[in-house]
Amino acid sequence: MANFKELLVWQKSIDFVTEMYRITETFPKAEVYGLISQIRRAAVSIPSNIAEGRRSKPDYLQFLKISRGSCAEVKHN
């Protein structure tokens with residue numbers, strides 16, 4: 001598999017994480033250990049799983065599915 005840092009999907013997911021951190025900074029401080037933490041962890045999971053699945057095509061597809069689940073988790077919060 002190619003170097004994950006060269007993948008456009010990984011690069012865009014890093015931009016997404018940065019944006020989620022920026023947005024959640026505006027949330028009420030009471031949500032630091034709740035909603036903010038959950039959104040940030042789910043967002044970070046996206047590029048992490050894309051990078052993790054680089055060993056083989058079946059691994060890559062499985063980790064992309066996990067990343068997609070993390071996207072849905074951010075969306076539904």
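Quick note: residue numbers are just sequence positions, from 1. Side-chain atoms are counted along with the backbone in the values below, which use heavy atoms only and exclude waters and symmetry mates. The structure presented is a predicted model; accordingly, all values stated were derived computationally and were not measured.
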Chemist: Less than 4.5 Å apart, side chain to side chain, heavy atoms only: is that true for Ile46 and Trp10?
Modeler: no
Chemist: What pair of heavy atoms forms the shortest contact from Ser45 to Ser67, and how long is it?
Modeler: O-OG, 4.2 Å
Chemist: Just wondering, do Ile36 and Arg40 contact through their side chains at under 4.5 Å, heavy atoms?
Modeler: yes
Chemist: Do Val74 and Tyr21 share a hydrophobic cluster, counting only Ile, Leu, Val, Met, Phe, Trp and Tyr and linking them when any side-chain heavy atoms are less than 4.5 Å apart?
Modeler: no
Chemist: Can you give me the closest heavy-atom contact between Thr26 and Ile23, atom names plus distance?
Modeler: OG1-O, 2.6 Å
Chemist: Answer whether the closest heavy-atom distance between the side chains of Ser37 and Val32 falls below 4.5 Å.
Modeler: no
Chemist: In terms of hydrophobic clustering (I, L, V, M, F, W, Y; side-chain heavy atoms under 4.5 Å; direct or indirect links), are Leu35 and Phe16 co-clustered?
Modeler: yes
Chemist: Counting N and O atoms only, with roles assigned by atom type, does the side chain of Ser48 sit under 3.5 Å from a partner on the main chain of Val44, one being a donor and the other an acceptor?
Modeler: yes
Chemist: Could Glu19 and Arg22 be called an ion pair, given the rule that one side-chain N must be under 4.0 Å from one carboxylate O?
Modeler: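 Arg22 and Glu19: salt-bridged.
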Chemist: Calculate, to the nearest 0.5 Å, the distance between atoms CD and OG belonging to Gln62 and Ser56 respectively.
Modeler: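 So the CD of Gln62 and the OG of Ser56 are separated by 10.5 Å.
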Chemist: Going only through I, L, V, M, F, W and Y residues with side-chain contacts under 4.5 Å, is there a path from Val9 to Phe4?
Modeler: yes
Chemist: Can you find a pair of side-chain heavy atoms, one from Tyr60 and one from Leu7, that are under 4.5 Å apart?
Modeler: yes
Chemist: Taking the side chain as every heavy atom from C-beta outward, state whether Gln11 and Leu8 have any atom pair closer than 4.5 Å.
Modeler: yes
Chemist: Flag the pair Arg68 / Leu64 as yes when at least one side-chain heavy-atom distance between them is below 4.5 Å, and no otherwise.
Modeler: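 Side chain of Arg68 against side chain of Leu64, heavy atoms only: no contact under 4.5 Å found.
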Chemist: When rounded to the nearest 0.5 angstrom, what is the spacing between NZ in Lys65 and CG in Asn49?
Modeler: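 Here the rounded value is 13.5 Å.
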Chemist: Any non-hydrogen side-chain atom of Phe63 less than 4.5 Å from a side-chain atom of Ile50?
Modeler: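 Heavy-atom side-chain distance check fails, nothing below 4.5 Å.
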Chemist: Which atoms form the tightest heavy-atom contact between Pro47 and Ser13, and what is the distance?
Modeler: CB-OG, 3.1 Å
Chemist: Are the side chains of Glu73 and Gln38 in contact, using a 4.5 Å heavy-atom criterion?
Modeler: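 Yes, side chains in contact.
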